Amino acid sequence: MSLQLYNTLSGRKELFVPLKEGEVRMYVCGVTVYDSCHIGHARSLLTFDVLWRYLKFLGYHVIFVRNFTDLDDKIIQRAKEEKSRPDLIAARYIREFYRDSAALGLLSPTHEPKATEHIPEIISLIQTLEQKGAAYRIDGDVFFSVDRFPGYGKLSRRRLDELEAGARVEIDERKRSPMDFALWKASKEGEPFWESPWGKGRPGWHIECSAMSTKYLGQPFDIHGGGHDLIFPHHENEIAQSEGAFGLPFARYWIHNGFLNINQEKMSKSLGNIHTIQEILERHEATALRCYFLASHYRSPIDFSEQGLDEAEKSVERIHETIDRVDRSVQSSNGSKLDAGVLEAFRQEMGDDLNTPRALAFIFEEIRSLNRMLDEGRVEGLLPRVLALKRLGEVLGLLQQKPELFLSRKRERWMRSQGLSVEAVEELITRRDKARSAKQWSEADRIRTELQEKGITLEDTPGGTIWKVR
RNA sequence: GGCGGCGUACCCAAGUGGUUAAGGGAGAGGUCUGCAAAACCUCGAUGCAGCGGUUCGAAUCCGCUCGCCGCCUCCA
């Protein structure tokens with residue numbers, strides 16, 4: 001089954017064919033480490049985590065690079081505010097990033113380069129641009145000259161004259177053209193700096209991605225991704241730098257995830273509507289957040305809501321419940337094959353520009369079908385389908401933990417928040433069981449009601465009474 | 001001003017020319033159960049912002065109108 005991906009560069013879905021057969025080289029813009037990551041970052045991270053997992057599922061060897069921007073104005077600003085140092089600020093938020101990343105269940109990329117560790121490559125790239133006449137220096141600054149790159153604007157579909165007409169940014173009068181951007185910035189007193197042919201300074205924002213992507217992936221490489229907001233100017237500038245320097249295409253497929261809004265507004269510090277990943281994961285399972293995002297197409301904007309997250313949590317719980325039910329009732333035998341039809345149906349949906357909502361819909365159809373088989377006691381042919389389903393769950397990152405672990409974590413969080421103890425609950429259940437055996441239904445129901453008021457639901461199954469929260 | 005996107009049931013959300021408009025959550029009825037819960041079954045949009053048009057046929061294409069949003073500035 002083929003994979004079609006929407007390429008921002010062409011503005012349409014294209015058949016994905018990697019440059020080198022069987023191998024995919026992919027670069028995604030990571031975060032600037034000046035503050036905690038929020039759920040908008042989470043959406044982008046999860047989008048490309050799923051793309052990576054899916055490419056591997058298709059059998060590709062994937063080299064995945066995601067950078068850290070560990071030096072820029074915002075980090076310097078933050079350091080000043082805290083009377084700290086930029087490198088310490090960056091180190092702190094990189095640590096936080098790794099913690100969030102683990103909590104979200106992200107697979108680690110092949111490489112996670114930092115801008116500060118690639119200064120020689122950056123300097124060398126700027127020198128190449130200077131030699132080509134695409135860059136010019138003013139005092140200790142070096143700028144890219146957009147007029148020297150005829151393709152400027154091809155990614156964001158803008159023309160230079162339109163950009164200039166609409167430019168609202170305060171223009172640095174020294175620049176030759178208003179859209180020229182900094183490749184290298186002379187450092188001011190007290191700012192971090194590196195020695196360079198242009199004096200003490202530091203890289204501009206865009207140049208690091210050009211330097212690092214090419215170092216690890218070569219040029220051209222297959223996929224370049226990031227948030228929708230990066231199309232202009234960041235990715236446009238990356239193209240200008242890399243193609244301007246080497247005269248080769250830069251990245252072949254440009255993939256951008258849609259934005260996440262809060263109450264139809266962008267998340268921003270000034271609006272005070274930022275939800276950090278950490279904050280959300282205190283109240284919800286990471287799997288629920290993942291499922292919530294997967295229920296929308298990655299390019300569509302999402303208007304974030306906790307209600308939506310609650311609904312997603314219920315639906316993902318159903319997947320876990322079903323698989324747990326299968327695990328409890330069907331003898332697993334080794335050597336079982338994965339059901340080819342299930343895998344193929346999944347590829348069909350995902351192959352259409354990662355249509356995860358449809359892939360998810362298919363999974364729920366399978367869930368219903370499997371439950372019916374179990375209800376009816378028809379277990380022949382069930383195992384291959386369950387194994388295939390588990391595989392799909394892994395590719396989407398939904399089934400990273402065993403179902404019983406998902407259920408018990410949810411239970412623990414509830415018990416902790418309500419100040420309940422497992423022993424007390426199980427004691428009550430034992431008493432109810434005794435009452436039930438004696439057919440003392442009113443006493444049994446009284447205990448069940450008591451537990452229900454504490455958010456605990458009982459299920460009397462043939463194998464005994466099990467309990468769930470909320 | 002320029003460029004782009006969106007408006008589908010109570011809520012979320014697929015579907016971009018052709019049999020009965022996915023899926024999830026909520027709701028109603030039923031099977032099962034001591035009663036429940038879970039699971040399963042059934043039922044929920046003669047209609048896809050509105051109005052015109054093209055077509056044998058449109059949620060899907062075209063035009064207009066209304067409403068909402070993003071980018072053009074640091075931003076996932």
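Throughout, protein chains are lettered first and strands after them, A, B, ... in sequence-line order, and every chain is numbered starting at 1. The structure displayed is predicted, hence computed values, not measured ones.
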Student: Taking any strand in view, what nucleotide pairs with B/rA26 in a Watson-Crick or G-U wobble way, both distances under 3.5 Å?
Tutor: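 The answer is none; no pair meets the criterion.
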Student: Is the aromatic ring of A/Phe259 within stacking range of B/rA76, meaning centres under 5.5 angstrom and planes under 30 degrees?
Tutor: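 So A/Phe259 counts as stacking on the base.
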Student: For side-chain contact (heavy atoms from CB on, under 4.5 Å), just list the numbers for A/Leu382 and A/Leu374, CA-CA rounded to whole Å, side-chain angles, deciding distance to a tenth of an Å, and then say yes or no.
Tutor: CA-CA 9 Å; A/Leu382 183 134; A/Leu374 289 166; 4.2 Å; yes
Student: Contact between A/Arg411 and A/Lys468 at the side-chain level, heavy atoms closer than 4.5 Å - yes or no?
Tutor: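 Contact flag for A/Arg411/A/Lys468 side chains = no.
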Student: Over how many whole Å does the gap from A/His206 atom NE2 to B/rU73 atom C1' extend?
Tutor: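 So the NE2-C1' distance, A/His206 to B/rU73, works out to 11 Å.
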Student: Side-chain donor-acceptor pair under 3.5 Å between A/His297 and A/Tyr6, yes or no?
Tutor: no
Student: So if I define the base as every atom that isn't primed, P, OP1 or OP2, how would nucleotides 8-14 of chain B read as a B/S/- string at a heavy-atom cutoff under 4.0 Å?
Tutor: ---B-SS
Student: Using whole Å, what does the distance between atom P of nucleotide B/rG4 and atom NE2 of A/His235 come to?
Tutor: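 Atom-to-atom, A/His235 to B/rG4, this comes out as 20 Å.
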Student: Tell me, with the steps shown, if A/Trp467 and A/Glu459 meet side-chain contact (heavy atoms from CB on, under 4.5 Å).
Tutor: CA-CA 6 Å; A/Trp467 57 283; A/Glu459 288 182 26; over 6 Å; no
Student: I'd like to know if the side chain of A/Ser315 and the backbone of A/Ala312 have a donor-acceptor N/O pair within less than 3.5 Å.
Tutor: yes
Student: Nearest whole Å is fine: how far is B/rU73 C1' from A/Lys74 NZ?
Tutor: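 Distance, rounded to whole Å: 11 Å.
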Student: Could you state the interatomic distance from CE (A/Met373) to CZ (A/Arg368), rounded to the nearest 0.5 Å?
Tutor: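 A/Met373 CE to A/Arg368 CZ: 14.5 Å, rounded to 0.5 Å.
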Student: If we call it a pair only when both distances are under 3.5 Å in a Watson-Crick or G-U wobble match, what pairs with B/rC48?
Tutor: none
Student: Could you walk me through whether A/Glu285 and A/Arg409 satisfy the salt bridge (Lys or Arg N to Asp or Glu O under 4.0 Å) test, starting with their C-alpha distance in whole Å, then the side-chain angles of each, then the deciding distance to 0.1 Å, before giving a yes or no?
Tutor: CA-CA 8 Å; A/Glu285 280 298 313; A/Arg409 274 178 52 161; 3.3 Å; yes
Student: In whole Å, what separates the C1' atom of B/rC64 from that of B/rA21?
Tutor: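 26 Å, rounded to whole Å.
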Student: Rounded to whole Å, please give me the gap between CZ in A/Arg158 and C1' in B/rU73.
Tutor: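 Interatomic distance, CZ of A/Arg158 to C1' of B/rU73: 11 Å.
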Student: Quick check, are the ring centers of A/Tyr27 and A/Phe64 under 6.0 angstrom apart?
Tutor: no
Student: Write down the partner of B/rU19 under the Watson-Crick or G-U wobble criteria, each distance required to be under 3.5 Å.
Tutor: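 The base-pairing partner of B/rU19, which may sit in any strand shown, does not exist here.
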Student: If B/rC71 has a Watson-Crick or G-U wobble mate with both distances under 3.5 Å, name it; if not, just say none.
Tutor: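 Per the H-bond distance test, B/rG2.
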Student: Quick check: on RNA chain B, is the nucleotide nearest A/Lys266 upstream (toward 5') of the one nearest A/Arg43, or the reverse? Name the residue that is more 5'.
Tutor: A/Lys266
Student: Would you measure the distance from the P atom in B/rG47 across to the matching atom in B/rC40 and give it in whole Å?
Tutor: 31 Å
Student: Would you measure the distance from the P atom in B/rA9 across to the matching atom in B/rG5 and give it in whole Å?
Tutor: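 My reading of the P atoms in B/rA9 and B/rG5 gives 22 Å.
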Student: Given B/rG23, B/rU73, B/rA76, identify the nucleotide with an atom nearest to the side chain of A/Glu365.
Tutor: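 Of all the options, the side chain of A/Glu365 is nearest to B/rG23.
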Student: Does either side chain, that of A/His256 or that of A/Thr8, offer a donor lying less than 3.5 Å from an acceptor on the other one?
Tutor: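 Distance-only check passes for A/His256 and A/Thr8.
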Student: On a whole-Å scale, what distance lies between the C1' atoms belonging to B/rU20 and B/rC43?
Tutor: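 Per the computed distance, 14 Å lies between those C1' atoms.
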Student: Base, sugar-phosphate, or nothing for A/Lys439, non-hydrogen atoms under 4.0 angstrom?
Tutor: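 If one applies the 4.0 Å heavy-atom cut-off, A/Lys439 turns out to touch nothing in the nucleic acid.
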Student: Could you measure between the two C1' atoms, the one in B/rA59 and the one in B/rU46, and give it in whole Å?
Tutor: 13 Å
Student: For B/rC61, what is the paired nucleotide under Watson-Crick or G-U wobble rules, both distances under 3.5 Å?
Tutor: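 In the structure as shown, B/rC61 has B/rG53 as its Watson-Crick or wobble partner.
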Student: What does the B/S/- profile of nucleotides 31-44 of chain B look like, 5' to 3', with a 4.0 Å heavy-atom cutoff to protein?
Tutor: ---BBBBSBSS---
Student: If we take the P atom in both B/rG17 and B/rG2, what is their distance in whole Å?
Tutor: 30 Å
Student: Is a salt bridge present between A/Asp445 and A/Arg436, judged by a nitrogen-to-oxygen distance below 4.0 Å?
Tutor: no
Student: Syn if the chi torsion is within 90° of 0, anti otherwise; quick check, which is B/rG30?
Tutor: anti
Student: On a whole-Å scale, what distance lies between the C1' atoms belonging to B/rC51 and B/rG7?
Tutor: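 One C1' to the other, the span is 16 Å.
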Student: Expressed in angstrom and rounded to an integer, what is the separation of A/Asp49 atom CG from B/rA76 atom C1'?
Tutor: 15 Å
Student: What's the CH2-C1' distance between A/Trp254 and B/rG4, to the nearest Å?
Tutor: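 Going from A/Trp254 (CH2) to B/rG4 (C1'), I get 18 Å.
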Student: Does any non-hydrogen side-chain atom of A/Lys410 lie less than 4.5 Å from one of A/Met415?
Tutor: no
Student: When we call it a touch if two heavy atoms are under 4.0 Å apart, what does A/Leu260 touch: a base, just sugar-phosphate, or nothing?
Tutor: base
Student: Figure out the CG/P separation between A/Leu294 and B/rG23, and round it to whole Å.
Tutor: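 Taking CG of A/Leu294 and P of B/rG23, I get 18 Å after rounding.
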Student: What is the distance, rounded to the nearest whole Å, between atom NZ of A/Lys175 and atom P of B/rU73?
Tutor: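 Distance, rounded to whole Å: 10 Å.
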Student: Pairing check on B/rC66: which nucleotide meets the Watson-Crick or G-U wobble criteria with it, both distances under 3.5 Å?
Tutor: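 Across all strands, the one nucleotide that pairs with B/rC66 is B/rG7.
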Student: Please tell me if the side chains of A/Leu45 and A/Phe293 come closer than 4.5 Å, counting only heavy atoms from C-beta onward.
Tutor: no
Student: My understanding is that a pair needs two contacts under 3.5 Å, Watson-Crick or G-U wobble. By that rule, which nucleotide pairs with B/rA39?
Tutor: B/rU31
Student: What distance, rounded to whole Å, do you find between the two P atoms, one in B/rC56 and one in B/rC10?
Tutor: 35 Å
